[in-house]
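These numbers come from the heavy atoms of this one structure, side chains and all, not from hydrogens, waters or symmetry mates.
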Amino acid sequence: MSQIEELRRLAARKMFHVAFVALLALPFVVDIPLETYTAILAFIGGVVYSIQVRQPAVWEQLREDFFKTLEDIFMRLEQLLPLDKPGVREQYAKAVRQFEELVLMAERDYEKRHGYLGILMGAVGFLIAESIFGRGHLLPALISLGVYDAVSAVAGTAMGGRRIGKVSLWGTTAGALANILALVAAGVPMGAALLITAMVVLADVVSPEDNLTIPVAAAAGSYLYHLL
């Protein structure tokens, strides 16, 4: 696979990753119980993951049915509200195909063989961070999961270079700098941003599943800073 193709697939995956982080952030903009909401997300993620791993044929059928449903919805809308503009059906069908291709592009061999473990672990990690450190330390967890993870992965793939274990030196550096800037922009003190990011980088380097450990490490860094 060429580097450009690998970057395209990685960018597609990170689009869904950022969308998932946005879902985690919903209780911060809507008045809903954070712990209950996150637990529901974790439960849904667990159900999806278990179906993918234990019943892959069922998962494939569900995915096919989902995209077919999108097409059927448009057909029914067209019957209820006739559209005079030519080419609307073709444009909608093209959009559905492109979305399906984006989903397929976002899947790595890992997801196809082992399921979407990262989504489940992200929800679990966020729930653990909230349970141990409290809601007041979750903003750094959200930012780090969204910014550090995405930037370090894309930069590491684009720039290559020396690797330390499973992480790229350039990617980790770019992700750390982006994370510090994002935390400071969100009102986190510089000292806290540095400590949080250092713990996030350490979690990324040593953890087999960064989606689980990054939220916990970021919340722990914020908690420790406020103890000092």
Side-chain angles (χ1 to χ4, degrees), residues 13-46 48-49 116-156 164-168 171-228:
R13 289 201 301 273
K14 293 309 172 182
M15 283 175 57
F16 287 103
H17 176 85
V18 172
F20 172 68
V21 174
L23 276 179
L24 286 174
L26 192 60
F28 291 88
V29 294
V30 179
D31 187 19
I32 53 178
L34 187 146
E35 189 169 353
T36 302
Y37 172 78
T38 309
I40 291 171
L41 281 184
F43 176 75
I44 293 172
V48 170
Y49 175 69
Y116 289 85
L117 181 63
I119 292 177
L120 172 60
M121 291 296 100
V124 171
F126 198 72
L127 187 60
I128 292 171
E130 196 276 336
S131 298
I132 296 176
F133 302 108
R135 182 179 181 134
H137 300 285
L138 291 184
L139 179 61
L142 275 173
I143 293 173
S144 299
L145 189 60
V147 175
Y148 172 81
D149 184 275
V151 174
S152 61
V154 173
I164 304 174
K166 68 183 180 70
V167 302
S168 158
T172 300
T173 302
L177 290 174
N179 202 59
I180 291 168
L181 291 174
L183 288 168
V184 172
V188 176
M190 176 59 76
L194 292 171
L195 178 58
I196 291 164
T197 301
M199 295 192 67
V200 166
V201 170
L202 179 62
D204 187 29
V205 170
V206 303
S207 172
E209 179 51 62
D210 55 2
N211 288 309
L212 173 66
T213 54
I214 282 178
V216 179
S222 175
Y223 180 80
L224 286 175
Y225 178 82
H226 286 84
L227 286 181
L228 300 176

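Nearest heavy atoms, M190 versus V184: CE-CG2, 3.9 Å. Closest approach of A218 and V200 over heavy atoms only: CB-CG2, 3.8 Å. When every heavy atom of A220 is checked against every heavy atom of M199, the shortest pair comes out as CB-CE, 4.0 Å. The two residues P215 and A129 have their closest heavy-atom pair at O-CB, 3.7 Å. Y225 and G191 get closest at one heavy-atom pair: CE1-C, 3.6 Å.
Distance check, rounded to the nearest 0.5 Å: CD1 of I132 to CG of L127 gives 10.0 Å. The distance from atom CG of L120 to atom CD1 of I44, rounded to the nearest 0.5 Å, is 11.5 Å. Here the CG-CG distance, from D204 to N211, works out to 9.5 Å after rounding to the nearest 0.5 Å.
Side-chain contact between V48 and I119 is absent, with no heavy atoms from C-beta onward closer than 4.5 Å. In this structure, the side chains of L138 and F133 stay at 4.5 Å or more apart for every pair of heavy atoms. A 4.5 Å side-chain heavy-atom check between L212 and I128 finds at least one atom pair inside the cut-off. Side chains of L34 and E130 form a contact here, defined as non-hydrogen atoms less than 4.5 Å apart.
Note on ring orientation: taking the six-membered ring where Trp is involved, the planes of H226 and H137 are perpendicular (angle over 60°, cut-offs 30° and 60°).
Paired with Y148 under the rule side-chain contact (heavy atoms from CB on, under 4.5 Å), one option of L183, I196, V201 passes, and it is V201.
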Only pairs under 3.5 Å count here: list side-chain donor-acceptor contacts from residues 173-181, not counting sequence neighbours, and write none if there are none.
from, atom 1, to, atom 2, distance (Å)
T173, OG1, L169, O, 2.8
N179, ND2, S144, OG, 3.2
N179, ND2, T197, OG1, 3.2

Side-chain donor-acceptor contacts of residues 24-33 below 3.5 Å, not counting sequence neighbours, with atom names and distances?
none

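Residue Y223 qualifies as open at atom OH: its count of foreign heavy atoms under 6.0 Å is 12 or below.
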Query raised in the report: Going through the checks in order, is the side-chain contact (heavy atoms from CB on, under 4.5 Å) test met by L23 and Y37?
Result: CA-CA 10 Å; L23 276 179; Y37 172 78; 3.8 Å; yes
